[in-house]
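A short write-up of the structure that comes next.
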Amino acid sequence: MSDIIQPRVLKGFRDFLPEAEIERAAMMEKLAGAFRSYGFVPIDTPALEYAEILLGKAGGETEKQVYRFKDAGGRDVAMRFDLTVPFARFMAEHVAELYLPFKRYHMAKVWRGENTQRGRYREFVQCDFDIVGVDNAAADFEILSVIRSAMTALGAADSTVRMNNRGVFNRFLTRLGVAERSVEILRTVDKLAKIGPEETRSQLAELAGATAADELMAFIRADEAFGATLDRIERLAGGPAEDSDRLREIYAMAQACGIADKVVLDPSITRGLDYYTGVVFETFLDAMPELGSVCSGGRYNDLASLYTKQRLPGVGASVGMDRFLAGMEALGRPSRRGSYSRALVMNLDDASAVDYQAAAASLRAAGIACEVFPERRKPAQQFSYAEKKGIAFALIRGEEEKARGVWTLRELATRKNDDFDGLAALTAALSSVASEA
RNA sequence: GUGGAUGUAGCUCAGUGGUAGAGUCCCAGAAUGUGGAUCUGGUCGUCGCGGGUUCGAUCCCCGUCAUCCACCCCA
């Protein structure tokens, strides 16, 4: 007679238990801190938009992957598949209420109905940050700098930003006479790290001929210092121009700010997305480059041309939070934490129920997160509960302690007890140790 | 979307054409309120789901769902 529904989640969608969600929340707080330190402000937009808004310019892969359906009112709607397109609509709609340059960050879930794999889900969080309204080296550099700050804040300072400028690449393709095939060529070049030089060369030869393929392979090498690579690709592209100067300026700023050692000029980085027009960035964990980029972005000349006649140049990037976390987990450095409680007030004596609440109130007033175990149970069970939630301290007051007029503070890890004469002394003691952890 | 592997207790995994086990975890007791050792006993499974073959399926076949890997694409 049991017809319960089997509980389950959709392919590519996930539940997050407290430990995982605490880690995600901590990560978002760290990112927000990095963004705010540069003056970026938060925004949010709806998860659901008119399909024509989201798909206006999309084609091919995006179109196939987007979740799209008719709502109850017959509207043709779609779930956002990134945060950039909704941001374009947002800017077109609100630019008059805002100010330029506008620097925003946006951390939210997006949905893509593509096949899953480690670090690739159908529902995942992107953390975007963009500067709209300025087209210069200062803005490009600021995004680069925020990427470095974000990675450092997340405990991944051992990562490298690989950057390039599509303008230089396009000039080079024009010189080669293969500009009309640039989209396919860019896409092939983008796969260099994955498929290796031989395969890349043969695919390029099919696209552009053997001679051009050899020249392309010579162009996309990234085995020299930033300046040497820049000089080489600038020469191959036809000499000095604004695009190569831009890279030079950005690099000078990176050097001045001490982040140049984690920035590489890699002419093979082109980004698959075709709306990028200037600098492009990809960020790889040094210990796990095969995971793919955990933070990518670049410059686009016109963010919102689909929705407004006002020209809005911008530059930005996006941290793939779920992919990043998958990488950190694979590298064995997750920061597990079971709760935010620092102390558990043990429940050992019904006659002391009031005292327990008073003790907890006293701790919270001192800024110490704590909880009262809600029913009387054997001490071992309460200790076990505390340890599962990662609570470091237990406050013990049973009949014996009450008779002696003391509170016992027990450190769970060491199992050492200390007696305190009153709540004030106990709270003070806990304040000093709690702030250390 | 295409191809391959996997899916057995909360967790990690054995196993068999006759409806299932180990370790761990959890619960109780030895020790009647202060947990890391030991011993004893115990709970827990629609063997992913649906269908087929069979006297009988967790095992064989088909489908399906999910996870992982490769391709594709990308965060």
Side-chain angles (χ1 to χ4, degrees), chain A residues 1-15 17 27 31 58-66 80-84 107-129 147 150 187-188 190-191 194-195 199 270-274 276 280-285 290-298 316-327 330 344 346-350 352 373 376-388 391 394-402 408-417 419:
Chain A
M1 250 313 177
S2 83
D3 47 345
I4 56 169
I5 298 164
Q6 185 175 8
R8 52 186 185 152
V9 296
L10 252 10
K11 176 188 177 78
F13 289 70
R14 297 165 296 161
D15 284 328
L17 272 51
M27 201 177 147
L31 283 175
E61 289 301 323
T62 306
E63 192 113 25
K64 279 189 283 182
Q65 292 178 0
V66 72
R80 63 181 174 217
F81 54 87
D82 70 9
L83 299 178
T84 303
M107 300 190 277
K109 281 182 172 175
V110 302
W111 297 268
R112 293 182 198 171
E114 68 172 335
N115 240 342
T116 54
Q117 230 167 86
R118 176 170 35 148
R120 302 179 53 165
Y121 311 100
R122 290 187 166 182
E123 176 180 66
F124 58 98
V125 171
Q126 286 198 324
C127 307
D128 275 34
F129 47 101
I147 292 175
R187 192 155 287 167
T188 304
D190 207 39
K191 289 190 282 188
K194 191 154 203 174
I195 64 179
E199 180 62 22
T270 62
R271 311 285 296 116
L273 302 172
D274 52 11
Y276 290 114
V280 289
F281 306 105
E282 294 200 345
T283 311
F284 299 88
L285 301 179
E290 69 276 11
L291 182 72
S293 175
V294 294
C295 180
S296 307
S318 177
V319 178
M321 203 177 84
D322 296 281
R323 174 175 291 184
F324 179 89
L325 282 171
L344 175 70
M346 306 257 295
N347 190 328
L348 301 168
D349 173 23
D350 290 340
S352 299
F373 199 82
R376 193 156 57 79
R377 259 189 226 173
K378 296 208 300 194
Q381 291 176 312
Q382 298 189 44
F383 287 139
S384 166
Y385 170 87
E387 218 141 62
K388 272 191 181 136
I391 299 174
L395 266 61
I396 301 168
R397 184 163 165 101
E399 288 175 32
E400 187 254 341
E401 287 83 1
K402 190 171 186 174
T408 298
L409 176 66
R410 181 178 180 88
E411 187 177 15
L412 277 306
T414 60
R415 305 188 180 205
K416 277 188 194 154
N417 289 353
D419 287 346

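Here is the naming used below: chain letters follow the sequence lines, and residue numbers restart at 1 for every chain.
Interface remark: the Arg323(A) side chain does form a donor-acceptor pair with the rC74(B) base, using a distance-only criterion of under 3.5 Å.
Pairs of Watson-Crick or G-U wobble type, with distances under 3.5 Å, assemble into runs of 3 or more in RNA chain B at these ranges: B:1-7 with B:65-71, B:10-13 with B:21-24, B:26-30 with B:38-42, B:48-52 with B:60-64.
Checking rA75(B), rG35(B), rC26(B) against every side-chain atom of Gln126(A), the shortest atom distance belongs to rA75(B). With rG33(B), rC26(B), rC74(B) as the candidates, the nucleotide lying closest to the side chain of Lys388(A) is rC26(B).
Across the P atoms, rG36(B) and rC27(B) are found 13 Å apart, a figure rounded to whole Å. Between rC72(B) and rG3(B), the two C1' atoms lie 12 Å apart (nearest whole Å). Nucleotides rC71(B) and rU8(B) have their P atoms positioned 27 Å apart, rounded to a whole Å. Annotation: rA28(B) and rU64(B) have their C1' atoms spaced 43 Å apart (nearest Å). The separation of rA31(B) from rU40(B), taken at their P atoms, amounts to 16 Å, rounded to a whole angstrom. For the P atom pair drawn from rG45(B) and rU58(B), the interatomic distance equals 16 Å after rounding to whole Å. Straight-line distance between the P atoms of rC61(B) and rG23(B): roughly 32 Å, to the nearest whole Å. rC49(B) and rA66(B): their C1' atoms are spaced 10 Å apart (whole Å).
Checked against the 6.0 Å centroid criterion, the rings of Phe13(A) and Tyr121(A) do not qualify as a close aromatic pair.
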Subject >> Nucleotide-resolved protein contact map, nucleotides 63-71 of chain B, B/S/- at heavy-atom distance under 4.0 Å >> reply: --SSSSSBS
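Atom CG of Leu31(A) sits about 8.5 Å away from atom CZ of Phe129(A), to the nearest 0.5 Å.
Side-chain atoms of Ser384(A) and Glu387(A) form no donor-acceptor pair, as typed in the model, at a separation below 3.5 Å. At a cut-off of 3.5 Å, with distance as the only test, a side-chain donor of Asp419(A) or Thr408(A) sits close to an acceptor on the other residue.
Annotation for Pro379(A) and Leu348(A): closest pair CG-CD2, 3.9 Å, computed over non-hydrogen atoms. Here the shortest heavy-atom pairing between Glu282(A) and Ser296(A) reads CG-OG, 4.1 Å. Heavy atoms only, all atoms of each residue included: Ser318(A) and Asp128(A) are closest at OG-OD1, 2.6 Å. Closest approach of Ile147(A) to Cys295(A), counting heavy atoms only: CG1-SG, 3.8 Å. Closest approach of Ser293(A) and Arg323(A) over heavy atoms only: O-NH1, 3.2 Å.
The interatomic distance linking Phe81(A) (CZ) with rA75(B) (P) rounds to 11 Å, in whole Å. Atom pair Asp322(A):CG and rC74(B):P shows a separation of 19 Å (rounding to whole Å applied). Nucleotide rG35(B) holds its P atom 8 Å from the CZ atom of Arg415(A), rounded to whole Å. Remark: C1' of rG35(B) and CG of Asn417(A) are 12 Å apart, rounded to the nearest angstrom. Spacing between atom CG of Asp128(A) and atom C1' of rA75(B) amounts to 9 Å, rounded to whole angstrom units. Glu282(A) has its CD atom 13 Å from the P atom of rC73(B), to the nearest Å. To the nearest angstrom, C1' of rG35(B) lies 17 Å from NZ of Lys416(A). For the pair Arg377(A) CZ and rG35(B) P, the interatomic distance rounds to 18 Å; values are reported in whole Å.
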Show the distances under 3.5 angstrom between N or O atoms of the protein and N or O atoms of nucleotides 27-30 of chain B.
residue, atom, partner, partner atom, Å
rC27(B), OP1, Gln381(A), NE2, 3.3

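Put simply, Phe324(A) does not rest on the base of rA75(B): the two rings are not both less than 5.5 Å apart at their centres and under 30° in tilt.
Comparing Val294(A) and Thr408(A) by the nucleotide of RNA chain B that holds the closest heavy atom to each, the one mapping nearer the 5' end is Thr408(A). Where Glu114(A) and Thr414(A) each meet RNA chain B at their nearest nucleotide, the meeting point lying more 5' is that of Thr414(A).
Ion pairing of Arg376(A) with Asp350(A) is present here, as a side-chain N (NZ or NE/NH1/NH2) and a carboxylate O approach within less than 4.0 Å. Using a 4.0 Å cut-off between a side-chain N of Lys or Arg and a carboxylate O of Asp or Glu, Glu114(A) and Arg120(A) qualify as a salt bridge.
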Subject >> Residues Asp82(A), Trp111(A); criterion side-chain contact (heavy atoms from CB on, under 4.5 Å); working and verdict >> reply: CA-CA 8 Å; Asp82(A) 70 9; Trp111(A) 297 268; over 6 Å; no
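Across Arg112(A), Arg14(A), Lys109(A), Arg122(A), a single residue satisfies salt bridge (Lys or Arg N to Asp or Glu O under 4.0 Å) together with Asp322(A), and that is Arg14(A).
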